[in-house]
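Basis for what follows: all heavy atoms, side chains included, without hydrogens, waters or symmetry-related copies.
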Amino acid sequence: MLPIDAAAHSSRWRRRHPVDKAVLGLGLTVLAIALPPWPGAALVLLTALVVLLGPAGVPARRLWRAYRVPLGFCVTGAATLLVQVGGPEGVLSLADDGPRRAGELLLRTSAASLGVLLFAFTTPMSDLLPRLIKAGVPGPVVDVALVTYRMSSLLLDSVRRIREAQAARLGHTTRAAAWRSLAGLGAAAFVRAFDRASRLQAGLAGRGYDGTLRVLVPEARISVRFTLGSVVLLGCVAAVTFLLKGPLSS
């Protein structure tokens, strides 16, 4: 199981309906994109952090481990706006108004990423994917997503176990040994992936698979109170943004 999905299974909001959490998490993502980057995206980022570390109960260390990967992409994308290629100043030079545009992009993308992580850290994939059929997503698409998710988790678990076995056998002591271990890891993971796929196919055939995966979905009802509270919170963030935009920009 992926670490972020394991955290979602132990979340305080685990039993809430995915729609409740989608209104809040994806609503913050939409606000981060739609509102002015300053102070809108900054307020969205702060709000998402408070909700994640507070009511949602996500540990700060676990949140940082998941957030640093998209944050790295955000920083890389924003850094490209600092320079321009070609022009009268040479092949590579500082872009006009580059720092401002880079800062705005970094604020937007980092805040939007936190909104998505809020939904991911509180909603297991096993709760979300089966409900997509009721939302109009074709059943075969959901089945492929379920199988892909399951196979990815198993493959990552196999890679972790192989690395631990190699480390216990001093397979990473030298650079040459590390390269040999990496090659062996790739070969073993490749073979195990095909073995898992064939066993999964045999298991489905033995259970009378007819083209549809039927899974049990935990019962949950949409909370009107939680959804209305999320809408009010989103509205407050938008209202405070437009109230502060004038004084801060003047």
Side-chain angles (χ1 to χ4, degrees), residues 1-78 100-128 131 218 220-250:
M1 184 180 295
L2 297 175
I4 192 169
D5 205 42
H9 277 280
S10 60
S11 171
R12 296 176 184 173
W13 292 351
R14 165 72 170 82
R15 300 301 177 184
R16 291 195 175 276
H17 198 280
V19 171
D20 296 343
K21 296 169 282 190
V23 171
L24 180 58
L26 303 185
L28 288 172
T29 301
V30 172
L31 287 184
I33 299 172
L35 292 178
W38 179 260
L43 287 175
V44 170
L45 190 149
L46 180 61
T47 303
L49 276 177
V50 171
V51 174
L52 278 164
L53 300 177
V58 178
R61 179 176 298 180
R62 185 171 290 179
L63 174 61
W64 168 245
R65 291 184 64 182
Y67 184 48
R68 62 187 179 183
V69 176
L71 184 61
F73 284 101
C74 297
V75 173
T76 303
R100 182 186 64 82
R101 292 188 297 165
E104 291 178 350
L105 179 62
L106 181 59
L107 274 177
R108 284 190 188 277
T109 53
S110 57
S113 299
L114 274 181
V116 175
L117 285 178
L118 174 59
F119 182 73
F121 265 108
T122 55
T123 310
M125 294 295 290
S126 58
D127 290 355
L128 174 63
R131 288 186 168 94
R221 293 183 178 180
I222 298 176
S223 174
V224 177
R225 180 180 300 178
F226 186 91
T227 304
L228 287 178
S230 300
V231 172
V232 171
L233 177 62
L234 296 175
C236 290
V237 172
V240 172
T241 297
F242 289 109
L243 286 175
L244 294 179
K245 187 176 184 302
L248 290 177
S249 59
S250 61

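- We find that R100 and E104 are joined by a salt bridge, their nearest charged nitrogen and carboxylate oxygen being less than 4.0 Å apart.
- Contact check for R62 versus F121: side-chain heavy atoms found under the 4.5 Å cut-off.
- A 4.5 Å side-chain heavy-atom check between R12 and P55 finds every atom pair outside the cut-off.
- The minimum heavy-atom distance between L35 and A238, with the atom names listed, is CD1-CA, 4.1 Å.
- When every heavy atom of S11 is checked against every heavy atom of T122, the shortest pair comes out as OG-CG2, 3.5 Å.
- Side-chain contact between T241 and P36 is present, with at least one heavy-atom pair separated by less than 4.5 Å.
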- Message: Apply side-chain contact (heavy atoms from CB on, under 4.5 Å) to residues L31 and L43 and explain how you reach the verdict.
- Response: CA-CA 10 Å; L31 287 184; L43 287 175; over 6 Å; no

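- Side-chain contact between L118 and T29: absent, with no pair of heavy atoms (C-beta onward) separated by less than 4.5 Å.
- Contact record, K21 with W13: NZ-O, 3.1 Å, taken as the closest heavy-atom pair.
- Counting only distance, with no hydrogens or angles, the side chain of Y67 and the backbone of S110 share a donor-acceptor pair below 3.5 Å.
- For T123 (side chain) and A120 (main-chain N/O), no donor-acceptor pair under 3.5 Å exists by modelled atom type.
- Nearest heavy atom pair, residue A32 against residue A41, reads O-CB, 4.3 Å.
- The minimum heavy-atom distance linking D20 with R221 is given by the pair OD2-O, 3.9 Å.
- Within the 4.5 Å cutoff, side-chain heavy atoms of L71 are placed close to those of W64.
- Applying the side chain to side chain contact (heavy atoms under 4.5 Å, CB included) test between T47 and each of L233, L114, L52 identifies L233 as the sole match.
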